[in-house]
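Let me begin by presenting the structure, written as structure tokens, before commenting on it.
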Amino acid sequence: MSSRRYTVVSVPATSANLGVGYDCLGMALDLRATFGLIRSDELEIHGCEERFRNSDNLVWRSFLTTLAALGVEPFPVRIDIESPIPLSGGLGSSSTCVVAGIVAAQSLVNDEVDQALTLKIATQIEGHPDNVAPAILGGIVSSFVADGETISTRADVAENLRFVTVAPPYEVRTADARRVMPREVPLSTAVWQMGRCAATVQALCSGDANLFGKACHDKLHEPYRKLLIADYEPLRKVALSSGASAFFISGSGSTMIAVADGQQKANTVAQAFSSVRKDLWIRVLSASSIGARLEQH
Ligand code: HSE
């Protein structure tokens with residue numbers, strides 16, 4: 001049973017879809033949020049906006065779901081959050097909360113963390129595995145659900161690739177971004193996506209930025225979702241004309257990512273982004289091979 005130990009979980013930001021991999025591909029980035037949890041007399045939440053400091057908090061709800069799955073009576077905790085991930089959407093900030101709550105519950109109760117259980121509960125809570133799987137496993141992860149089980153395959157992303165990540169100062173809610181999607185697509189669109197999806201994984205693993213650029217032409221979500229992001233077209237134009245190999249909406253937006261071959265090109269793209277508008281959040285990130293981990297337990 002849990003003691004008053006302080007457990008600290010760190011979880012990476014993630015980018016889902018990666019162009020053509022709608023709801024099946026995701027990648028961990030070297031930008032991490034940390035969550036400290038300790039048993040307490042009542043629920044206390046620190047380090048986040050006031051609107052998240054209540055019993056609807058995603059870390060807390062995921063923590064409770066996991067206690068229930070472990071057959072343990074609920075108990076209150078203090079939660080300390082430190083997250084550099086923008087809340088405008090598209091970098092898996094909610095997945096970091098979900099994964100942290102699940103991992104922390106196991107750590108406090110069992111002293112050990114079952115990765116398969118974490119993936120199962122996280123996918124149930126999120127509804128799709130493309131952010132939570134890389135947040136747990138690190139690297140690039142391809143996932144699908146079969147008979148209720150999430151099957152994920154991971155690989156490391158090549159070290160030369162840089163992901164110039166740009167978040168505008170407005171949110172696109174995932175529910176809104178999913179509402180604009182078509183319900184059905186023609187067979188020709190399915191074929192278009194499948195070939196490019198396989199090439200995208202190969203390009204990320206081998207570091208072939210040129211191949212990534214050729215494959216990165218999505219027909220499932222991006223044509224509809226770009227209409228929700230006012231700065232999509234100017235940023236895309238600037239990215240591709242300043243040396244990026246590809247440009248895509250990260251997850252359901254509003255964050256967007258330009259892919260560059262090496263740090264120098266990435267810095268040029270980042271500089272070019274800052275000329276579009278002054279209030280953009282811009283970071284040059286690498287992929288991370290490290291998923292969620294206990295920093296202290
Ligand atoms: N695959 C999801 C989507 C990611 O594109 O809607 C956002 O949760």
Side-chain angles (χ1 to χ4, degrees), residues 11-29 31 33 58-59 61-62 83 85-102 118-119 121-137 139-145 150-154 163 165-168 170-185 189-190 192-194 196-197 200-201 204 215-229 232 236 246-257 259 285 287 291-292:
V11 190
T14 47
S15 178
N17 303 333
L18 304 176
V20 290
Y22 178 74
D23 271 4
C24 59
L25 292 186
M27 176 180 67
L29 294 163
L31 178 73
L58 209 41
V59 183
R61 284 201 283 121
S62 307
S83 178
I85 304 171
L87 297 176
S88 41
L91 286 176
S93 62
S94 64
S95 292
T96 63
C97 296
V98 169
V99 171
I102 299 169
T118 305
L119 187 56
I121 298 175
T123 304
Q124 279 166 359
I125 293 172
E126 277 275 285
H128 41 84
D130 52 345
N131 278 111
V132 292
I136 295 163
L137 302 171
I140 173 176
V141 181
S142 157
S143 304
F144 59 93
V145 179
T150 303
I151 314 281
S152 290
T153 55
R154 84 169 289 290
F163 303 93
T165 306
V166 55
Y170 46 84
E171 184 183 2
V172 170
R173 291 178 56 243
T174 298
D176 296 333
R178 291 181 86 83
R179 205 171 297 125
V180 299
M181 301 271 306
R183 296 300 111 198
E184 291 177 2
V185 295
T189 301
W192 171 283
Q193 296 288 135
M194 284 191 293
R196 285 167 180 77
C197 197
T200 292
V201 175
L204 287 168
C216 191
H217 294 278
D218 173 75
K219 285 192 177 185
L220 283 187
H221 70 113
E222 203 143 330
Y224 311 96
R225 289 174 163 180
K226 69 180 183 183
L227 305 174
L228 305 176
I229 306 172
Y232 174 93
R236 179 181 180 84
F247 181 85
F248 57 83
I249 298 173
S250 183
S252 56
S254 62
T255 300
M256 292 155 277
I257 290 183
V259 179
L285 302 175

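Note that ligands are numbered from 1 as they come in the structure, with each ligand's atoms numbered from 1 the same way.
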* Asked: Do Asp218 and Lys226 pass the salt bridge (Lys or Arg N to Asp or Glu O under 4.0 Å) test, and can you show the C-alpha distance, the side-chain angles, and the key distance before you say yes or no?
  -> CA-CA 11 Å; Asp218 173 75; Lys226 69 180 183 183; over 6 Å; no
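Atoms of ligand 1 found under 4.0 Å from any heavy atom of Asn17 (numbered from 1 in listed order, with element): 1 (N), 3 (C), 5 (O). Against a heavy-atom cut-off of under 4.0 Å, Asn131 is close to the following atoms of ligand 1: 4 (C), 7 (C), 8 (O). Atoms of ligand 1 lying under 4.0 Å from at least one heavy atom of Asp23, given by number and element, are 1 (N), 2 (C), 3 (C). For ligand 1 and Asp130, the ligand atoms under 4.0 Å from any heavy atom of the residue are 1 (N), 2 (C), 4 (C).
Considering backbone and side-chain atoms alike, Arg178 places an N or O below 3.5 Å from some N or O of ligand 1.
Here Met181 has no heavy atoms under 4.0 Å from ligand 1, in either its backbone or its side chain. Proximity of Glu126 to ligand 1, defined as any heavy-atom pair under 4.0 Å, is not found for any part of the residue.
Counting protein heavy atoms only, atom 8 (O) of ligand 1 is closest to His128 CE1, 3.1 Å.
Across Phe247, Phe248, Tyr170, a single residue satisfies ring-ring contact (aromatic ring centres under 6.0 Å, His included) together with Tyr232, and that is Phe247.
For the residue pair Thr150 and Ser143, no side-chain donor N or O sits within less than 3.5 Å of a side-chain acceptor on the partner. No hydrogens or angles considered: nothing links the side chains of Ser250 and Thr255 as a donor-acceptor pair under 3.5 Å.
Looking at heavy atoms from C-beta onward, Lys219 lies out of side-chain contact with Arg196 at the 4.5 angstrom threshold. Using a 4.5 Å cut-off on side-chain heavy atoms (C-beta onward), Leu227 and Val180 make no contact.
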